Amino acid sequence: MTTSENEKKEKDRQLAEQRLQAGFTAYNDGKLDQATEAFGDAEIRFRMIGDFKQAGDCRAMVADIQDQNNALEAAINSYQRAIRHYEQAERQLLVASTSLSMGHVERRLAHLDRAQDAYQKAEQIYRKQQNAKGLGNVELALGHIELQRANTTYAAEHYQDAIRFFKEANETTNEADASRSLADIQRMNRDFSAAESAYKRALEIYQQNSDNYGIVDAQVGLGQIYIGEELLDEASNILADALNRAGLIEYELGQADANLGLGEINFLQSQIDQALIAAQSALQIYSDQHNALGTANAGRLLGEVNLRRGQISYANAIMERSLRTYQAVSYRLGQAETLVGLGAIQYQRGFLSRAKQTLEDALKQANTLNNPDVEGRALLTLGLVHKQKGELVQAKKIFTDAHEQGERTDQAIGIPVIIAAEIGLARLSILNGNLSDAETQLKTAEEHSKHNELSKQLQPEILAVRGQLRLAEGDFSEAEQLFTQAHKQAESLQQATLATETVLGNAQALLAKGELETALNTFYEAGRQYQLLENTDGDGSAVLGVAQAHIGQQQWDEALENCEAALVRYRQTDDQVNEADAYLTRGLANRAKDEQDQALQDFEQALHRYHQQRRPLGVADTRFARGAIYLLRGDFERARDEQSKAIVQVENVMNSISTPQRWSLFLRQYAEQYAQTAVTDLRQNNDAQARELLTNFVRIAGSQEVVLRLQNYEADIPIGGEELTTEEIQRNSDLVKRLAQLRRSL
């Protein structure tokens with residue numbers, strides 16, 4: 001090479017180095033566009049003079065800037081160019097480190113196979129070079145990939161290998177990073193003791209090296225352990241310290257992580273407004289930092305918070321957004337947790353088919369991931385879906401499975417699942433007429449409900465379901481008290497849906513007590529609240545309650561109109577259980593209007609559903625109602641057959657009440673039906689049978705209620721008038737006489 005050529009090459013090198021230095025200056029000043037231009041220019045100049053190592057450095061810096069700007073595809077292309085430069089320069093360690101960086105970007109884009117290829121390329125080079133630090137970095141990165149794929153066992157193995165390599169290389173900070181990642185896995189597997197040791201080991205290293213960023217990350221991890229162990233005071237203290245430290249060093253992602261942890265604690269403690277603020281603060285930072293996983297995590301918590309507050313549409317939108325993000329980054333652990341929340345929202349909105357599919361998907365993922373928390377919550381909501389669809393046998397099996405699952409896991413998450421399963425089983429027992437079982441199940445739930453924060457939050461629902469049990473048993477005053485108590489607790493915990501359910505329960509208790517006007521207004525209030533919650537099914541129940549109150553007020557047309565409106569809502573939400581009640585109520589309104597054939601059709605629809613659902617009291621009410629029509633038509637044999645079958649159902653349920661003192665209240669609800677059955681017996685000249693029936697009734701329920709009904713029948717039977725024949729007058733007079741004798745005998 002001639003002297004002039006050497007001089008030109010040296011001049012070109014100087015210009016290239018000047019441009020390289022200009023790039024670093026602009027980069028340090030935060031002028032990233034100028035830095036990119038300078039590094040790109042320097043790369044060309046270095047490449048022209050054959051300095052491929054420096055050309056690779058320049059292109060790698062461009063890639064780093066593109067990564068920071070979230071231009072990930074462009075960053076990958078730049079890293080590939082840098083790798084080609086380093087290969088030409090025969091700088092294998094730089095090829096390896098750049099491949100590692102490119103793999104990180106591919107992983108952020110959820111290109112997990114391509115990321116793994118990049119990492120393994122780096123691994124081959126590091127093995128040939130016997131570079132322990134590089135091998136530790138590769139193992140750490142491969143662990144992150146397996147974690148993203150939810151292969152937690154493989155991820156843990158990679159993290160353990162990373163720790164070993166970093167110890168060999170005496171890289172204590174990197175060892176701490178790997179220990180913290182391993183602790184994340186142990187925490188997810190609820191191996192809290194091992195996880196706590198690993199986090200504390202990492203924290204100790206970070207403190208020795210004055211690595212404040214690492215200290216914050218380790219503190220956040222410890223905080224999450226304490227949340228899992230329900231040591232909420234300890235969790236609050238360490239997360240608050242992490243938040244303060246992150247603020248001092250302007251570590252925004254650390255602030256977001258700490259805020260999110262504090263939001264989870266607020267949610268567990270039912271401090272819903274504080275949870276909302278913390279989650280929103282975390283979400284804002286994650287969004288500003290383009291941190292997809294953090295954004296999804298914060299969104300999921302916000303979805304849970306807004307579901308609790310009753311803001312269903314917003315909860316649904318943000319939960320779906322979180323799910324899409326988890327899917328985009330192939331983070332299966334987050335997907336499973338979000339699917340459960342989304343399924344609960346779909347259930348509340350009445351989209352039962354979608355909810356069932358979503359929850360079954362969550363259940364599959366939970367089983368694959370061995371995540372008992374997600375599995376338990378998915379089973380509980382799936383049980384509610386099957387209950388609403390009228391598939392009570394299947395619902396019972398699912399609640400039982402949830403109960404067993406809760407027993408297999410640790411108490412912190414197992415006990416709340418057991419309580420919720422017992423509550424679900426109690427709801428089914430009330431429908432199935434197994435009132436003693438319901439009482440036992442609620443007592444079991446109550447005994448467990450003082451265990452922890454999550455358990456305490458289920459206490460209002462226990463009270464509400466006990467209120468439903470007392471309604472079924474006929475103790476309307478106690479039912480009203482229980483609903484009022486449950487309402488206060490649910491409101492204080494911001495459990496919007498349950499609070500509205502208790503308003504509905506109060507209205508039902510008032511209706512049963514005969515306080516029709518107050519009941520009507522309370523049903524209207526429940527309806528307004530359900531509409532605010534976008535709960536079509538609950539609104540249907542409120543409208544059906546209005547119809548029942550109108551029947552009590554003898555406003556038949558209004559009752560029929562509201563029955564139709566309730567049926568429309570129940571069909572929209574596939575609520576087979578309440579649909580049966582709506583058909584029965586519509587039948588009663590039609591019977592009162594003397595539309596007997598239409599009433600019988602309604603009763604047939606109701607009876608078919610009650611039999612399918614194995615609901616004895618529904619069967620009894622419907623058969624009594626049909627019997628009344630046959631009695632009116634003079635078809636005494638058919639009437640008595642319906643009434644006999646109804647009485648069997650009623651007395652079977654009565655015998656299921658474990659406290660005989662409650663039998664009286666329960667049976668008094670049926671005084672009208674027993675009196676009517678006795679009239680049927682008298683019509684068939686079976687006076688002894690009528691006396692035996694009512695004597696048995698009075699022995700349990702007392703005579704007051706049934707005697708009043710018999711007096712009403714006596715008063716309503718005509719014993720004179722031109723419209724009656726002599727024979728009819730004689731027959732009616734004889735019936736009144738025998739009714740009076742029967743009444744006096746009681």
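Residue numbers start at 1 and run along the sequence shown. These figures come from a predicted structure and were not determined experimentally.
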One should read off an interatomic distance between Ile345 CD1 and Met319 CE, to the nearest 0.5 angstrom, of 4.0 Å
query = Is there a ring-ring contact (aromatic ring centres under 6.0 Å, His included) between His85 and Phe46 once you walk through the steps?
reply = CA-CA 10 Å; His85 290 325; Phe46 281 124; over 10 Å; no
Original post:
Are any of the side-chain heavy atoms of Leu333 and Leu147 separated by less than 4.5 Å?
Top reply: yes
Is a donor from one side chain sitting under 3.5 angstrom from an acceptor on the other, for Gln255 and Asn259?
no
To the nearest 0.5 Å, atom CD1 of Ile225 lies from atom OG of Ser197 at 8.5 Å
### side-chain contact (heavy atoms from CB on, under 4.5 Å) assessment of Ser193 paired with Gln186
CA-CA 9 Å; Ser193 177; Gln186 293 163 334; over 6 Å; no
Got a donor-acceptor contact below 3.5 angstrom from the Asp241 side chain to the Asn237 backbone?
-> no
_What I'd like to find out is whether the side chain of Ile272 reaches to under 4.5 Å of the side chain of Asn266, using heavy atoms alone._
no
- Query: Does Thr381 reach the main-chain N or O of Ala378 with its side chain, forming a donor-acceptor pair under 3.5 Å?
  - Reply: no
For this session: Using a strict 4.0 Å threshold on nitrogen-to-oxygen distance, state whether Arg91 and Asp57 make a salt bridge.
Result: no
For Leu302, does its backbone N or O pair with a side-chain atom of Asn306 as donor and acceptor, under 3.5 Å? yes
Are Tyr119 and His104, when compared by the centres of their aromatic rings, separated by less than 6.0 Å? yes
d(Leu262 CG, Leu232 CG) to nearest 0.5 Å is 11.0 Å
Does this structure show an ion pair linking Arg84 with Glu87, if we count only N-O contacts that are shorter than 4.0 Å?
no
Looking at Glu139 and Arg164, is any side-chain nitrogen of the basic one under 4.0 Å from a carboxylate oxygen of the acidic one? no
- request: Could you verify whether a donor N or O on one side chain and an acceptor N or O on the other, from Glu73 and Asn77, lie under 3.5 Å apart?
  value: no
Determine whether more than 12 heavy atoms belonging to other residues, nucleotides or ligands lie under 6.0 Å from atom NZ of Lys53. yes
Neighbour count above 12 (heavy atom, 6.0 Å) for Asp33 CG | no
> Hey, is Lys121 close enough to Asp117 for a salt bridge, meaning N to O under 4.0 Å?
Replying inline: no
- Would a 4.5 Å heavy-atom cut-off, applied to side chains only, mark Phe52 and Glu90 as touching? no
| Would you say the side-chain atoms of Ser179 pair up with the backbone N or O of Arg201, donor to acceptor, closer than 3.5 Å? | no
Any donor and acceptor pair, going by atom type alone, linking the side chain of Asp211 with main-chain N or O of Gly214 inside 3.5 Å?
yes
Using only atom types and a distance under 3.5 Å, with no angle test, would you say the side chain of Thr325 pairs donor to acceptor with the backbone of Arg321?
yes
Next item on the list: With side chain to side chain donor-acceptor pair (under 3.5 Å) as the test, would you mind laying out the steps for Arg324 and Gln335 before giving the verdict?
Entry: CA-CA 8 Å; Arg324 288 193 298 271; Gln335 290 178 46; over 6 Å; no
### Query
Do Asn367 side-chain atoms and Leu363 backbone N/O form a donor-acceptor pair below 3.5 Å?
yes
Heavy-atom closest pair (Ala155 atom, Gly143 atom, distance to 0.1 Å) is CB-O, 3.4 Å
Return yes if a side-chain donor-acceptor contact under 3.5 Å exists between Arg59 and Ser78, otherwise no. yes
**Study point:** Within 6.0 Å of CD in Glu196, more than 12 heavy atoms from elsewhere
**Key:** yes
In short, Leu380 meets Ala402 closest at the heavy-atom pair CD2-CB, 3.9 Å
- Query: Are Tyr251 and Asn212 close enough that some pair of their side-chain heavy atoms sits under 4.5 Å apart?
  - Reply: no
Value for CG (Leu135) from CZ (Phe165), rounded to nearest 0.5 Å, stands at 4.5 Å
CD of Gln92 to CG of Asn131, rounded to nearest 0.5 Å, is 12.5 Å
Query - Verdict with supporting geometry, Glu375 and Asn371, side chain to side chain donor-acceptor pair (under 3.5 Å) - result: CA-CA 6 Å; Glu375 182 181 356; Asn371 188 317; over 6 Å; no
- Query: Between Asp51 and Arg45, is the closest basic N to carboxylate O distance under 4.0 Å?
  - Reply: no
Is a side-chain N or O of Tyr326 found less than 3.5 angstrom from the main chain of Asn297, in a donor-acceptor match? yes
- Answer yes when Arg127 and Glu123 have at least one side-chain N-carboxylate O distance shorter than 4.0 Å, and no when they do not. yes
Query raised in the report: Do Thr172 and Gln208 have side-chain N/O donor and acceptor atoms under 3.5 Å apart?
Result: no
For Tyr27 and Gln68: C-alpha separation, side-chain torsions, deciding distance, then whether side chain to side chain donor-acceptor pair (under 3.5 Å) applies.
CA-CA 12 Å; Tyr27 180 78; Gln68 289 178 45; 2.6 Å; yes
- Task: Decide yes or no for Val62 and Glu43: does some side-chain heavy atom of the first lie under 4.5 Å from some side-chain heavy atom of the second?
- Result: no
Salt bridge or not between Lys356 and Glu360? Use side-chain N to carboxylate O under 4.0 Å.
yes
Self-check item: Pair Tyr206 + Tyr213: ring centers closer than 6.0 Å
Solution: no
**Request:** Take Gln129 and Ile125, measure what side-chain contact (heavy atoms from CB on, under 4.5 Å) needs, and give me the verdict at the end.
**Result:** CA-CA 6 Å; Gln129 300 285 335; Ile125 295 171; 4.2 Å; yes
query = Given the rule in the side-chain contact (heavy atoms from CB on, under 4.5 Å) test, do Asp64 and Met61 qualify, once you have shown the distances and angles that lead to the verdict?
reply = CA-CA 5 Å; Asp64 290 345; Met61 283 302 302; 4.1 Å; yes
| query | Heavy atoms, side chains only, cut-off 4.5 Å: are Glu304 and Phe267 in contact? | reply | yes
Rounded to the nearest 0.5 Å, the OG1 atom of Thr152 sits from the CD1 atom of Ile185 at a distance of 5.5 Å
Judged by atom type as modelled, is there a donor-acceptor pair below 3.5 Å linking the side chain of Thr358 to the main-chain atoms of Gly343? no
Checking Leu342, Ile398, Leu382, Leu379 against Leu359 for side-chain contact (heavy atoms from CB on, under 4.5 Å), the one that qualifies is Leu382
Does the side chain to side chain donor-acceptor pair (under 3.5 Å) test come out yes or no for Asp288 and Gln284, once each step is laid out?
-> CA-CA 6 Å; Asp288 291 344; Gln284 185 63 57; 3.1 Å; yes
Just by distance, with hydrogens left out, do Tyr199 and Arg187 show a side-chain donor and acceptor under 3.5 Å apart? yes
* To do: Please confirm whether the backbone N or O of Arg354 pairs with a side-chain atom of Tyr347, one donor and one acceptor, at under 3.5 Å?
  => no
### Message
Are Tyr226 and Glu229 packed together at the side-chain level, in the sense that at least one heavy-atom pair is separated by less than 4.5 angstrom?
### Response
yes
What one should report as the nearest heavy-atom pair of Ala162 and Ala178 is CB-CB, 4.0 Å
- Message: Any non-hydrogen side-chain atom of Arg245 less than 4.5 Å from a side-chain atom of Ile215?
- Response: yes
task = Verify salt bridge (Lys or Arg N to Asp or Glu O under 4.0 Å) between Asp373 and Arg190, making sure each step is shown before the conclusion.
result = CA-CA 10 Å; Asp373 184 26; Arg190 304 189 71 78; 5.8 Å; no
